[in-house]
Amino acid sequence: MTVVTRFAPSPTGMLHIGGARTALFNWLFSRHHGGEFLLRVEDTDRERSTPEAVDAIFEGLDWLGLERDREPVYQSHNLARHQELVRQLLAEGKAYHCYTTPDELAEMRDQARAEGRPTGYDGRWRDRDPSDAPPGVTPAIRFKAPIEGQTIIDDQVLGEVRFDSAQLDDMILLRSDGTPTYMLAVVADDHDMGITHVIRGVDHLTNAARQIQLFRALDWEAPEFAHIPLIHGSDGAKLSKRHGALAVGAYREQGFLPAAMRNFLVRLGWSHGDEEVFSKGQMIDLFGLGAVGKSPARFDMDKLLNVNGHYIRQSDDKNLVIAITPLLQGLEVLGFLKIPIIRIESAKLARVEGLMPELKKRARTLVELAENARFLVTTRPIEMIPKAAKLLKGDAPGLLQELLNPLKSLENWSTEALEACVKQFAEANDLKLGTIAQPLRAALTGSNASPGIFDVLAVLGREESLGRIADAASTA
RNA sequence: GUCCCCUUCGUCUAGCGGUCCAGGACAUCGGCCUCUCACGCCGAAAACAGGGGUUCGACUCCCCUAGGGGACGCCA
């Protein structure tokens with residue numbers, strides 16, 4: 001049997017971190033088994049679904065590298081089939097018309113809660129004669145759920161979970177306006193799409209029980225279910241925008257790499273011994289539902305940052321330059337067009353690439369990387385941060401002025417030669433290296449922290465370096 | 001309120017009855033490297049929620065309590 005999984009978001013919002021992980025697990029599971037990963041847009045909701053949200057979800061999945069097989073299914077397109085199924089259930093006596101109004105329902109729930117009873121629908125129209133139907137009320141259609149016994153979910157992550165059937169009320173299959181509800185649509189579409197494994201958040205656990213009942217009523221075999229624990233915020237509460245429930249697009253903007261995101265996400269709930277780093281291929285090889293934990297995980301930004309830093313260090317220098325070039329240019333939005341504010345000559349980009357091996361050790365996001373590389377592409381006189389300006393007080397300008405001479409006469413502008421030259425200068429003047437290196441750093445980078453100063457000198461080149469040093473020397 | 005699920009260092013987790021005075025990673029704190037900041041390396045501190053069982057032996061199995069989470073819509 002070929003494994004077929006699906007990711008079924010409702011396009012009422014962005015693709016957030018929890019949804020992304022659900023998608024990842026479904027994708028990994030299908031890839032591991034050489035099966036298919038499908039996408040279904042659950043847009044049975046009236047106005048709440050938007051095309052923008054659909055686009056955002058597709059973009060998010062693309063960015064994460066979770067390619068789908070087959071074209072996405074739009075649940076709303078299956079309206080006729082859903083309605084037909086309800087007619088069938090009705091004809092078989094497995095569903096019935098319910099004339100209870102929303103107000104009555106609310107009243108019923110309040111009372112049940114007050115009396116300590118389950119708050120579900122009490123089945124008041126289940127066996128009532130249709131001739132009792134009040135005039136002017138268009139009925140909804142409810143499922144005639146089994147009253148006795150238990151419904152058992154053999155969950156691939158949680159194990160066996162049982163619900164007393166009495167606990168599961170008669171859910172609505174078709175709204176009074178004739179549109180199908182989620183519960184019916186999911187079952188119908190999962191069956192029609194040939195879904196073999198449903199992997200989703202535990203918030204769907206009770207739904208699984210209801211859906212199993214529906215599968216039985218329809219005489220269909222239910223898929224396997226796997227309910228994965230939710231992701232909580234750093235304070236243990238439900239994940240909200242305050243602590244990371246951002247759209248995946250927001251993470252891209254913050255400079256996270258898809259590979260890092262995948263690695264971070266897969267480790268939230270899944271593990272393989274002591275291993276922390278997994279390539280796409282390794283994840284696919286190793287992933288299994290048996291190694292998925294049952295307890296909820298908290299979102300940890302520090303860990304994400306660390307993982308991202310790791311992947312940045314592993315990345316190819318050229319690719320990193322390409323990735324940060326737009327950040328370096330800055331983008332001005334004019335209508336639909338994004339236009340670079342600054343044109344950067346290729347010679348300057350070459351500097352960035354030259355220093356990249358050093359730069360990438362110091363960044364945990366692409367945004368940070370770009371910021372740290374910015375001094376390489378700015379034009380003289382460069383800006384100084386306050387801490388750098390401070391380094392250029394006192395003797396510093398004078399020392400830099402003196403350093404200019406040996407530097408100017410240097411034949412070979414290489415890291416090694418530059419290091420030898422500056423060290424010799426320090427020794428000759430009885431200075432600790434730091435005494436000259438720090439002002440030099442400020443002069444060249446405008447900052448008090450940067451990659452090794454000799455590397456910076458070498459990458460900046462003779463002319464630019466000398467110019468920047470002269471600029472700083474004349475601040476006195 | 002009813003039902004369901006979960007519970008190992010601050011966080012993510014390893015552990016599937018003895019190999020555990022509990023291992024890894026992030027974060028934290030020391031140290032080394034050192035021109036700064038990083039990277040890297042070395043080291044430290046840090047957990048089996050509590051109580052009962054079962055067993056020769058429980059982090060591992062069962063029960064209870066506590067805490068946390070989820071579901072209870074003519075939303076998905």
Distance-only donor-acceptor test, A:D43 side-chain atoms vs B:rA76 base atoms, 3.5 Å: no
A:E276 with A:K303: basic N within carboxylate O range, under 4.0 Å: yes
C1' atoms of B:rG51 and B:rA46, separation to the nearest Å: 25 Å
A:R6/A:D189 salt bridge by N-O under 4.0 Å criterion: no
Polar pair under 3.5 Å, donor/acceptor by atom type, side chain A:T181, base B:rC74: no
Residue pairs, two or more places apart or on separate chains, that pass side chain to side chain donor-acceptor pair (under 3.5 Å) and touch residues 163-174 of chain A: A:Y96-A:D170, A:R126-A:D170, A:Q150-A:D164, A:D169-A:R210
Counterpart base for B:rA66, defined by Watson-Crick or G-U wobble contacts under 3.5 Å: B:rU7
Span that lies between the P atom of B:rU2 and that of B:rC12, in whole angstrom: 30 Å
Upstream residue (5' side of RNA chain B) when A:G116 and A:D203 are each assigned their closest nucleotide: A:G116
Sugar-phosphate only, base, or nothing, as touched by A:L391 at under 4.0 Å among non-hydrogen atoms: nothing
Sugar-phosphate, base or nothing in reach of A:T435, heavy atoms under 4.0 Å: nothing
Contact residues, residues 364-378 of chain A to RNA chain B [heavy atom, < 4.0 Å]: none
A:R117 vs B:rG1: side-chain N/O to OP1/OP2 distance below 4.0 Å: no
Salt-bridge contact A:R362-A:E358 (side-chain N to carboxylate O under 4.0 Å): yes
Gap in Å between the two P atoms, one belonging to B:rC61 and one to B:rG15, rounded: 12 Å
Nucleic acid footprint by protein, nucleotides 3-15 of chain B - heavy-atom cut-off 4.0 Å, B for base, S for sugar-phosphate alone: SSSSS---SBSS-
Near-parallel close stack of A:H227 and B:rG70 base (under 5.5 Å, under 30°): no
Residue that, paired with A:H227, satisfies side chain to side chain donor-acceptor pair (under 3.5 Å) out of A:R200, A:H204, A:Q156: A:R200
Whole-angstrom distance between B:rA47 and B:rU13, as gauged at atom C1': 12 Å
Distance below 4.0 Å between A:R109 side-chain N/O and B:rU2 OP1 or OP2: no
Nucleotide nearest A:D302 (side chain, heavy atoms from C-beta), chosen from B:rA27, B:rC74, B:rC72: B:rA27
Nearest-nucleotide comparison on RNA chain B, the residue closer to the 5′ end among A:E115 and A:N207: A:E115
Assigned partner base of B:rC32, Watson-Crick or wobble definition, under 3.5 Å: B:rG40
A:F58 six-ring face occupied by A:R68 cation (under 6.0 Å, within 45°): yes
Main-chain N/O of A:G273 paired to A:S271 side chain as donor or acceptor, under 3.5 Å: no
Length of the line joining A:L168:CG and B:rG73:P, which is rounded to integer Å: 12 Å
Ring geometry between A:F287 and A:F29 (parallel below 30°, tilted from 30 to 60°, perpendicular above 60°): perpendicular
With A:Q401 via side-chain contact (heavy atoms from CB on, under 4.5 Å) - residues at least two apart: A:L404, A:A473
Complementary nucleotide for B:rG1 - Watson-Crick or wobble, under 3.5 Å: B:rC72
Euclidean distance for P, B:rA27 against B:rU19 (whole angstrom): 32 Å
From CG (A:D455) to OG (A:S450), nearest 0.5 Å: 9.0 Å
Summary of protein contacts for nucleotides 29-51 of chain B, nucleotide by nucleotide, where a base hit scores B, a sugar-phosphate-only hit scores S (4.0 Å, heavy atoms): ------BBBBSS-----------
Pairwise P distance, B:rC9 and B:rG23 [rounded to whole Å]: 14 Å
Nucleotide forming a Watson-Crick or wobble pair with B:rC56, both distances under 3.5 Å: B:rG18
Nearest-angstrom distance, C1' atom, B:rU8 to B:rA49: 10 Å
Euclidean distance for P, B:rG43 against B:rA25 (whole angstrom): 11 Å
Contacts of A:E353 that satisfy salt bridge (Lys or Arg N to Asp or Glu O under 4.0 Å) - sequence neighbours left out: A:K318
Nearest-Å distance for atom pair CZ/C1', residues A:R113 and B:rG1: 6 Å
Candidate nucleotides B:rG1, B:rA27, B:rG69, ranked by approach to the side chain of A:N306 - the nearest: B:rA27
Plane angle bin for A:F299 and A:F264 - parallel if under 30°, tilted between 30 and 60°, otherwise perpendicular: perpendicular
Aromatic A:F25 / basic A:R21 pairing, under 6.0 angstrom, 45° off normal: yes
